[in-house]
Amino acid sequence: MKKVIKLVAVILASMTVLACAGSIFMGKYVAEQILYQNKGNDTKGNSVRQLEIWGYNLENFLENHKGEEFEVTAEDENVVPGTIFKSAICSDKWVALVHGAGGDRVSTYPLAEEYLKRGYNVIAFDQRGSGDNGDDRVTFGILEAMDVEAVVQYARNELAAATVIVHGQSMGAQTVALYASGVKEDDENAADAVILDSPVPGMERFLRLMFGGGPEGAYAMTSNYLIFTSKIYMDVVYHIDFDDGDTISRVKNDNIPTLVIVSDEDEVCLPEMVMEVYHNIATDNKAVIHADSAHIEGVIDNPAGYMESVMDFLGQNGLR
């Protein structure tokens, strides 16, 4: 009997060791797939192809608007590259554009064109893991928020900007939301207003939807396991906490004037989750508009109507 008990104990111990080792391996694999999701991904080419799908004339934009390259260095020494476009209308108003996942700064050029028409100068830059950014990791806005802060400081100090607005799309909007939640309204590195177009509602929430194949599988056993193992591994090894990328929770600290744009046909960042972001924003100086479009396509489908709503918000805050 003692031999049987000892054998069972050895088997259970071996299974525990194997399970732990397997979980560590899985955590490492998933964490690195998340962080290095753009490894081998042609983010520059992706932007060009996306604009072609949308029917946007990139060549015409580049012919009419001569950009000037720049670099800034974030608090953690990450080098952030970008392009400056100056409006033909002399102005000290600047808008920093933050692109979404899988592309680079070029994907924001349809939005840049609309701002330039209205007398705003534009700063478009590459997020981490994209384009020519010095950091090849994607952290759902957690580290990227430092890049936004550096760009705002650059606009204030080097470009003599009297007004700075930050406008993000998708994961870029998540980055902007986390940035706005980490600065004080009267700081030099605080924008005068931020605009969140279809923001990712949170790192873990987005990953759950991806792992589960949609809302119905977000909390299934497999999703729970993948989140549990990768969350621990990323925290211990990379010191990145999923909770720091929880947009819905973090915006409770956002006291900057904020406009949220909901894409009502969005299947990527679900409208109800984007509305949850809006409702949790701390400032009373906030507004929400709805675009009858798919994910971040409001400015493509109806640029005049989209920008009219944006201009109304900026005008109400003395930023037009």
**OP:** Using only heavy-atom distances, determine whether the side chains of E69 and T83 contain a donor-acceptor pair under 3.5 Å.
**Re:** yes
**OP:** Apply side-chain contact (heavy atoms from CB on, under 4.5 Å) to the pair E71 and F125, showing each step before the final yes or no.
**Re:** CA-CA 9 Å; E71 286 185 349; F125 66 94; over 6 Å; no
Subject >> P199 vs V274 side-chain heavy atoms within contact, under 4.5 Å >> reply: yes
Subject >> V152 with V98, same ILVMFWY side-chain cluster at under 4.5 Å >> reply: yes
Subject >> M307 side chain near Y115 side chain, heavy-atom distance below 4.5 Å >> reply: yes
**OP:** Would you check if there is a donor-acceptor pair between the side chains of N317 and N285 at a distance under 3.5 Å?
**Re:** yes
Original post:
Any chance the side chains of N121 and S87 put a donor and an acceptor closer than 3.5 Å?
Top reply: no
Original post:
Is the backbone N or O of A74 less than 3.5 Å from a side-chain atom of N78, with the two atoms forming a donor-acceptor pair by type?
Top reply: no
Original post:
Does the side chain of T139 pick up a donor-acceptor pair with the side chain of E144 at under 3.5 Å?
Top reply: yes
Subject >> L319 with V176, same ILVMFWY side-chain cluster at under 4.5 Å >> reply: no
Original post:
Does any donor atom in the side chain of Q174 or T247 lie under 3.5 Å from an acceptor atom in the other side chain?
Top reply: yes
**OP:** May I ask you to decide if the ring planes of F70 and Y154 are parallel, tilted or perpendicular, using 30° and 60° as cut-offs?
**Re:** parallel
Original post:
Should L116 and I123 be regarded as members of a common hydrophobic cluster, given that ILVMFWY residues are connected when their side-chain heavy atoms come within less than 4.5 Å of each other, either directly or indirectly?
Top reply: no
Original post:
Does K286 count as lying over the ring of Y278, i.e. NZ or CZ under 6.0 Å from the six-ring centre, within 45 degrees of the axis?
Top reply: yes
Original post:
If Ile, Leu, Val, Met, Phe, Trp and Tyr residues are connected whenever their side-chain heavy atoms lie under 4.5 Å apart, and connections chain through other members, are V262 and F206 in the same group?
Top reply: no
**OP:** Using atom types as modelled and distance alone, determine if a side-chain donor or acceptor of E158 lies under 3.5 Å from a backbone N or O of A155.
**Re:** no
Original post:
Less than 4.5 Å apart, any side-chain heavy atom of P201 and any of E276?
Top reply: no
Original post:
Taking all non-hydrogen atoms of both residues, which atom of K93 and which atom of R320 are closest, and how far apart?
Top reply: NZ-C, 3.2 Å
Original post:
Under 3.5 Å, is there a donor-acceptor pair linking the side chains of S263 and S198?
Top reply: yes
**OP:** Compute whether any side-chain donor of one residue and acceptor of the other, for N41 and N38, lie under 3.5 angstrom apart.
**Re:** yes
Subject >> Closest contact, heavy atoms only, A101 versus M171 >> reply: CB-CE, 3.7 Å
Subject >> Stepwise ring-ring contact (aromatic ring centres under 6.0 Å, His included) test for F61 and F85 >> reply: CA-CA 11 Å; F61 173 83; F85 297 100; 5.2 Å; yes
**OP:** Check whether any side-chain N or O of T73 sits under 3.5 Å from a backbone N or O of V79 as a donor-acceptor pair, and report yes or no.
**Re:** no
**OP:** Check whether any side-chain N or O of R128 sits under 3.5 Å from a backbone N or O of D147 as a donor-acceptor pair, and report yes or no.
**Re:** no
**OP:** Any chance you could measure T229, atom OG1, to N224, atom CG, to the nearest 0.5 Å?
**Re:** 10.5 Å
Original post:
Going through the distances and angles, do D187 and R156 end up as a salt bridge (Lys or Arg N to Asp or Glu O under 4.0 Å)?
Top reply: CA-CA 11 Å; D187 284 354; R156 299 275 193 210; over 6 Å; no
Original post:
Charged N to carboxylate O under 4.0 angstrom, K184 versus E149?
Top reply: no
Original post:
Atom CZ of R118 and atom CD1 of I89: how far apart are they, to the nearest 0.5 Å?
Top reply: 10.0 Å
Original post:
Which heavy-atom pair separates A173 from L196 by the least distance, and what is that distance?
Top reply: O-CD2, 3.5 Å
Original post:
Has the side chain of N157 got a donor or acceptor atom that lies under 3.5 Å from a matching backbone atom of Q153?
Top reply: yes
Original post:
Quick check: does any side chain N or O of T258 sit under 3.5 Å from a backbone N or O of I256, one acting as donor and the other as acceptor?
Top reply: yes
**OP:** Taking only Lys NZ, Arg NE, NH1 and NH2, and the carboxylate oxygens of Asp or Glu, determine whether K117 and E114 approach each other closer than 4.0 Å.
**Re:** yes
Subject >> Atom pair CZ/OG of F211 and S230 - distance to nearest 0.5 Å >> reply: 5.0 Å
Original post:
Do side-chain atoms of S47 reach the backbone of V106 as a donor and acceptor pair under 3.5 angstrom?
Top reply: no
Original post:
Where do N280 and R250 land on the side-chain contact (heavy atoms from CB on, under 4.5 Å) test, with the steps shown first?
Top reply: CA-CA 9 Å; N280 273 14; R250 289 287 305 280; over 6 Å; no
**OP:** With the side chain counted from C-beta on, respond yes when P81 and N133 share a heavy-atom pair under 4.5 Å apart, and no when they do not.
**Re:** yes
Subject >> Matching residue for K44 among D126, D132, D104 - test: side-chain hydrogen bond (donor to acceptor under 3.5 Å, both in side chains) >> reply: D132
**OP:** List the steps and the verdict of salt bridge (Lys or Arg N to Asp or Glu O under 4.0 Å) for D243 and K231.
**Re:** CA-CA 9 Å; D243 293 341; K231 186 173 185 176; 3.2 Å; yes
**OP:** Verify the cluster assignment for I248 and M203: are they in a single hydrophobic cluster under the rule of side-chain heavy atoms below 4.5 Å apart?
**Re:** no
**OP:** List the atom of N46, the atom of G102, and the distance in Å for their closest heavy-atom pair.
**Re:** ND2-O, 2.8 Å
Original post:
Quick check: does any side chain N or O of R208 sit under 3.5 Å from a backbone N or O of I227, one acting as donor and the other as acceptor?
Top reply: no
Subject >> Least distance between heavy atoms, T175 atom then G141 atom >> reply: OG1-CA, 3.4 Å
**OP:** Taking the side chain as every heavy atom from C-beta outward, state whether V122 and L97 have any pair of such atoms under 4.5 Å apart.
**Re:** yes
Original post:
Say you draw a straight line from CE of M273 to CG of D266; how long is it, rounded to the nearest 0.5 Å?
Top reply: 11.0 Å
**OP:** For the pair H167 and Y306, name the ring-plane relationship: parallel under 30°, tilted 30 to 60°, perpendicular over 60°.
**Re:** parallel
Original post:
Should the pair D136-K39 be classified as a salt bridge under the 4.0 Å nitrogen-to-oxygen rule?
Top reply: no
Original post:
What are the two closest heavy atoms between S181 and N253, and how far apart are they?
Top reply: O-CB, 3.4 Å
